[in-house]
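Counting starts at 1 for both ligands and their atoms, following the listed order. Keep in mind that this is a model prediction, so the values were computed, not measured.
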Amino acid sequence: MNARNPKSKLLLGPGPSNADPRVLRALSEPTLGHLDPDFVAIMDETTELLRYVFGTSNEITIPISGTGSAGMETAIVNSLEPGDKAIICIAGVFGERMADVTQRVGATVIRVHAPWGKPVSPDDVRKAVKENPDAKVVGIVHAETSTGVLQPLEEIAQIAHNNGMRMVVDAVTSLGGMEVPVDRLGLDFAFSGTQKCLSCPPGLAPITVGEKALEFIKNRKAKCQSWYFDLSMISRYWGGERFYHHTAPVNMMYAFNEALRIIKEEGWEVRAARHRLNQKALIAGLEAMEMKLVVEPEYRLPSLTTVYFPEGVEDAKARKKLLDEFGIEIGSGLGVFKGKVWRIGLMGTNSTKGSVLTLIAALEDILVSMGAKVPAGAGLQAASAVYRA
Ligand SMILES: *Cc1c(COP(=O)(O)O)cnc(C)c1O
């Protein structure tokens, strides 16, 4: 009977991140009927707040029931009919996942690869578009959590739109931590997950759908390949009709609503600046401890930092010590970075001076204890200096 009642830990990995205490309290509010007028009012407020966070006036801006991957499936399955062609940009695990999902819905996938730790090059996308003018979709990951790269979207969105293609964007690790330029770039589909920079438990996948994409959904010849993620049906529940499709995860919606309120109160620009500042301090600390960053400065993802850990340090053992002795979780490397790199998330509520200085101090302690040469106190001094500048 002691299996539950977990201790609170500081989740500084690639997600989930810690949920805000206000969000956790909202989860325990009384469950209502999913068509109850009081719940409908919460739904309406939630979509309004979500439009603010996505920077959009798109009518269909709603949470999908499921984690971030459900958002990905929803975007892909609603943007393509079987037999359509899609250009999918791959710069890490989540681009790969998008290609896999796209193939499974019966589409033909054209892959555009970038080396791990680098963004996808617009020239490569331009070439793929030229060679495949019949493609219907360009899919891309905005914040590649497996590498720590923030993908610039301006040029690629322009290429897609100039050729009449729909832009599908994975904003799982960017939404709530930085701008997701939905209306600014006219992104056709953008989706996210609640447990990264939105500081909510995992379980919902916010999505927004542009006007042209909505036209496509209304006029498609074949039925959507998925019943559960068919936006033409889900939108009838979220729209005025309140038509029953599936039971909304009512209490998760309270939590999500509270998470969005917190973002609105802070203001997304202020929140984005906070993510940038704390990452800057984290990087200063890591570099002062003589660790090398994976990603070049202009492409660094403010919510997730990838860093090569000192040679000779045992990856899993170091992370276990951090968890056991300090209650701090960080992430291991994936793919080509496995066993070389750590992934440090500073997401939403966790992106604070306290998190940064705590982690840097803890890292120094465990690295020294494992025999690594780390200049004493240098990490803390450098990180702390960023806040005084
Ligand atoms: C975490 C993540 C996902 C998957 O989200 P789940 O909630 O694990 O399903 C998709 N894309 C990116 C970029 C992610 O970081």
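Using a cut-off of 4.0 Å between Lys/Arg side-chain N and Asp/Glu carboxylate O, Lys9 and Glu329 are scored as not salt-bridged. Salt bridge Arg184/Glu179: present, at least one basic N to carboxylate O contact under 4.0 Å. Between Glu81 and Lys136 there is no salt bridge, since no side-chain nitrogen of the basic residue lies less than 4.0 Å from a carboxylate oxygen of the acidic one. The residues Lys127 and Asp123 are annotated as not salt-bridged, no charged nitrogen and carboxylate oxygen being separated by less than 4.0 angstrom.
Ligand 1 is never approached by Glu144 to a heavy-atom distance shorter than 4.0 Å. Note on ligand 1: Gly193 sits outside its first shell, no heavy atom being nearer than 4.0 Å. Ligand 1 has Ala143 within reach: a non-hydrogen atom of the residue lies less than 4.0 Å from it.
For the pair Lys340 and Tyr308, the NZ or CZ position fails the cation-pi test of under 6.0 Å to the six-membered ring centre and within 45 degrees of the ring normal. In this structure, Lys196 forms a cation-pi arrangement with Phe94, its terminal cationic atom sitting closer than 6.0 Å to the ring centre and no more than 45° off the ring axis. Both tests hold for Arg166 against Phe216: distance to the six-membered ring centre under 6.0 Å, angle to the ring axis within 45°.
Within ligand 1, the atoms closer than 4.0 Å to a non-hydrogen atom of Arg97 are 4 (C), numbered from 1 in the order shown. Shown in contact with Ser69 at under 4.0 Å from a heavy atom are these atoms of ligand 1, numbered in order with element: 4 (C), 5 (O), 6 (P), 9 (O). Of all atoms in ligand 1, listed by their number and element, those nearer than 4.0 Å to a heavy atom of Gln195 are 6 (P), 7 (O), 8 (O). Applying the 4.0 Å criterion to heavy atoms of Thr145 picks out, from ligand 1, the atoms 12 (C), 13 (C), 14 (C), 15 (O). Residue Thr67 has at least one heavy-atom neighbour below 4.0 Å for each of these atoms of ligand 1: 6 (P), 7 (O), 9 (O). Those atoms of ligand 1 with a heavy atom of Lys196 less than 4.0 angstrom away are 1 (C), 2 (C), 3 (C), 14 (C), 15 (O). Those atoms of ligand 1 with a heavy atom of Thr173 less than 4.0 angstrom away are 14 (C), 15 (O).
Hydrophobic clustering places Leu49 together with Val209 (ILVMFWY residues linked when any side-chain heavy atoms are closer than 4.5 Å, directly or through intermediates).
What sits closest to atom 10 (C) of ligand 1 on the protein, heavy atoms only, is Phe94 CD2, 3.3 Å. Protein heavy atom nearest atom 11 (N) of ligand 1, with residue, atom name and distance: Asp170 OD2, 2.6 Å.
Distances from atom 5 (O) of ligand 1 to the heavy atoms of Ser192, Gly71, Gly68, Gly203 show the closest one on Gly68.
By the 6.0 Å contact criterion, CZ on Arg104 is open, its count of non-hydrogen atoms from other residues, nucleotides or ligands being 12 or less.
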